[in-house]
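Worksheet: one structure, shown below.
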Protein chains: 2
Amino acid sequence: MSKKTTIYDLAKRLGISPATVSRSLNDHPSISGKTKKKVLEAAKETGYRINKFASNLSLQKSNTIGVIVPRLNSDFMSTVLSGIETIANNAGYNLVISQSLEQEEKEKFNTKTLFESGVDALLVSLANETMNYDHFSIFTDRKIPLLFFDRVIDLPNCPTIIIDNEAAGYQATEHLIQQGCKHIIHVSSGLNRSVYKLRYAGYRKALKENENNFRERVIQVDNFSPPEAKKVIDFIKTSVHPIDGIFVSSDSLAVYIIKELRSNGYQVPNDIKVVGFNNDPVAQVITPELSTIEYPGYKMGKLAGQSILSHLSGSINIETADQIILKHRLIIRESSQK
Amino acid sequence: MSKKTTIYDLAKRLGISPATVSRSLNDHPSISGKTKKKVLEAAKETGYRINKFASNLSLQKSNTIGVIVPRLNSDFMSTVLSGIETIANNAGYNLVISQSLEQEEKEKFNTKTLFESGVDALLVSLANETMNYDHFSIFTDRKIPLLFFDRVIDLPNCPTIIIDNEAAGYQATEHLIQQGCKHIIHVSSGLNRSVYKLRYAGYRKALKENENNFRERVIQVDNFSPPEAKKVIDFIKTSVHPIDGIFVSSDSLAVYIIKELRSNGYQVPNDIKVVGFNNDPVAQVITPELSTIEYPGYKMGKLAGQSILSHLSGSINIETADQIILKHRLIIRESSQK
DNA sequence: ATGAAAGCGCTAACAT
DNA sequence: ATGTTAGCGCTTTCAT
């Protein structure tokens with residue numbers, strides 16, 4: 001029961017060759033139905049299990065896709081992963097998932113590890129820290145499909161899946177302006193990542209177009225955890241101009257900010273209006289409900305999976321670097337209404 | 001640059017044997033320092049990368065740990081996964097993660113797939129649907145380490161990591177009773193899973209101990225999504241006894257229920273008090289803040305990782321089935337206060 | 001300290 | 001339709 005049976009065992013048992021066994025197991029067309037049946041039965045009886053190590057070595061492929069994300073435990077990211085997993089799983093691929101924890105070093109290490117472990121493709125959402133992209137060359141050099149999603153970088157022949165972050169940032173800010181906000185600040189993190197840089201650009205663009213005495217002001221936070229919200233409040237309290245609008249690059253932080261604001265005596269949206277980003281589930285359950293940009297994470301994950309699978313199956317020309325831009329949407333709730 | 005170099009290439013290049021190259025690369029003690037240095041240099045120059053397929057086949061191990069969870073996109077689960085990943089990554093292990101989506105069939109399939117892909121160990125949190133556990137025998141038969149966390153089942157020689165769910169359910173309910181609740185209902189899902197069954201048992205025990213005319217009543221929901229909250233409200237509205245306390249097996253659902261309650265004119269906690277489960281971040285940002293049971297997900301993940309690694313390294317007797325019970329804690333916030 | 005060679009188990013090109 | 005056989009690249013026992 002515990003001794004593992006190989007195709008050689010099956011071959012001997014049935015008096016046929018290992019090749020025939022292998023072919024039968026793989027449903028090769030040129031094997032007779034009766035032989036296949038015999039083999040399958042023997043396999044079941046003996047508890048035969050394919051040895052992927054050997055199979056992978058022979059085929060030089062692993063049916064495995066690597067994924068590197070900044071962190072697993074964010075609502076958005078785990079939703080994207082869920083989408084990727086669903087697609088991969090249905091196609092018979094396994095997912096090897098690792099976290100960079102926003103560190104360039106860890107991202108490098110994970111890239112190397114995943115390469116060596118022989119993943120057939122790699123999906124990456126970049127760490128905030130990452131400034132250099134040479135570590136991905138082991139993939140690009142060997143033409144192993146590499147795709148970036150959400151936190152992307154433009155590399156030759158690497159598809160990207162994003163939303164139009166600049167437009168989203170613009171809309172969020174424009175909305176606040178239309179609600180009468182005069183002094184709108186932007187709260188973000190990792191401004192060297194294009195996602196955040198572009199939202200910031202959209203914010204600035206909106207301010208500029210509605211020329212008056214608006215002052216552009218971005219508060220950079222280290223991450224989207226509760227203590228960072230305090231920094232924002234401190235700024236607001238000491239600002240010479242009365243802040244009346246906040247566009248935050250993350251719902252989770254926006255929510256903490258609102259909480260902090262309220263416990264500091266500010267009324268949301270009366271005194272200060274807030275727009276977040278992502279449309280995390282939390283946006284709908286807090287008081288006041290949070291206006292935000294809907295960012296379709298599950299769909300992004302599914303598309304990332306599908307895109308990489310079609311590259312793997314060769315149904316898309318791998319030389320064609322594509323860029324998929326998903327639709328986003330401003331959702332107006334209570335937190336930003338006049 | 002694109003042609004892959006093997007240990008044979010290095011051996012030829014340096015005029016030594018492949019065995020020596022292999023040993024050098026693995027820092028084998030009986031290789032001279034100079035030879036090692038030569039090899040490492042040549043490896044670097046040629047861009048040599050180990051081929052794990054071959055290595056795995058030879059060693060019959062993959063440095064990979066499989067994980068099956070009900071779903072990736074829950075705050076609790078992604079936090080646990082984050083803990084597992086951190087430990088595994090530091091120990092040089094990769095994580096293959098898959099979702100059962102609460103379906104027994106998918107769990108079976110994933111178990112088989114992960115087995116065949118040669119994971120060195122398997123970590124599982126069971127699907128709600130799963131009633132039969134034979135699919136895990138491929139692991140237990142071959143003494144491949146198998147560990148259950150959160151949603152566990154008692155299998156021979158399989159460690160489990162849990163909290164004392166019965167005590168937690170008891171405390172939550174007892175607390176509501178002490179706050180003056182007379183008609184407390186319990187909302188849960190997947191009552192055939194011990195996690196939920198035990199919380200329910202704790203709930204019943206608390207009611208029984210505080211003998212009076214309390215009626216035990218459990219509302220089973222299909223999952224913890226918003227629409228399910230409506231079912232709960234419907235029950236409350238039509239109940240002959242005025243419901244004044246709710247113990248919910250999940251913060252995410254508790255939060256939706258509170259929202260529904262409020263929009264139906266109920267005051268929380270004045271009319272109805274609510275206690276959730278897990279201490280998701282959302283518990284602290286909603287209004288009123290949610291009382292809940294703190295369930296240390298990250299710690300659970302780290303422990304699961306550590307436990308399985310020590311089994312793998314043989315530093316723990318694999319025959320010793322251990323059960324780790326993590327501390328939980330009732331956190332009293334506004335939603336349940338008199 | 002190093003080398004020779006036999007696996008590890010599967011696949012596929014090339015027979016038959 | 002089936003068999004033969006040469007890899008796939010690394011590890012490791014057994015020499016030397």
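A, B, ... follow the sequence lines: proteins, then strands. Residue 1 opens every chain.
At least one donor-acceptor pair closer than 3.5 Å links the side chain of Ser78(A) to the backbone N or O of Ser74(A). For the pair Ser55(A) (side chain) and Lys52(A) (backbone), a donor-acceptor distance under 3.5 Å is absent. Under the 3.5 Å distance criterion, the side-chain polar atoms of Asn56(B) are left unmatched by any main-chain donor or acceptor of Phe53(B). Not one N or O on the side chain of Ser125(A) forms a donor-acceptor pair closer than 3.5 Å with the backbone of Asp150(A).
For Asn56(B) and dT11(D), the CG to C1' distance is 12 Å, given to the nearest whole Å. One atom, CD1 of Ile16(B), and another, C1' of dA5(C), lie 17 Å apart when rounded to the nearest Å. Straight-line distance from the CG atom of Asp27(B) to the C1' atom of dT2(C): 16 Å, rounded to whole Å. If you take CG of Leu14(A) and P of dA1(D), they are 18 Å apart, rounded to a whole angstrom. Protein atom CG of Asp9(A) is 11 Å distant from nucleotide atom P of dC8(C), rounded to whole Å. Separating the CG atom of Asn63(B) from the P atom of dT11(D) is a distance of 12 Å, rounded to the nearest angstrom.
Between Thr35(A) and dA1(D), a side-chain N or O to OP1/OP2 separation shorter than 4.0 Å is absent.
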Fill in the blank from the handout: Once base and sugar-phosphate atoms are separated, protein heavy atoms under 4.0 Å mark nucleotides 9-16 of chain C, 5' to 3', with B, S and - as BBBBBB--
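A side-chain donor-acceptor contact under 3.5 Å links Thr20(B) and Ser17(B).
Looking at Glu102(A), Glu107(A), Glu104(A) one by one, the single match for side-chain hydrogen bond (donor to acceptor under 3.5 Å, both in side chains) with Thr130(A) turns out to be Glu107(A).
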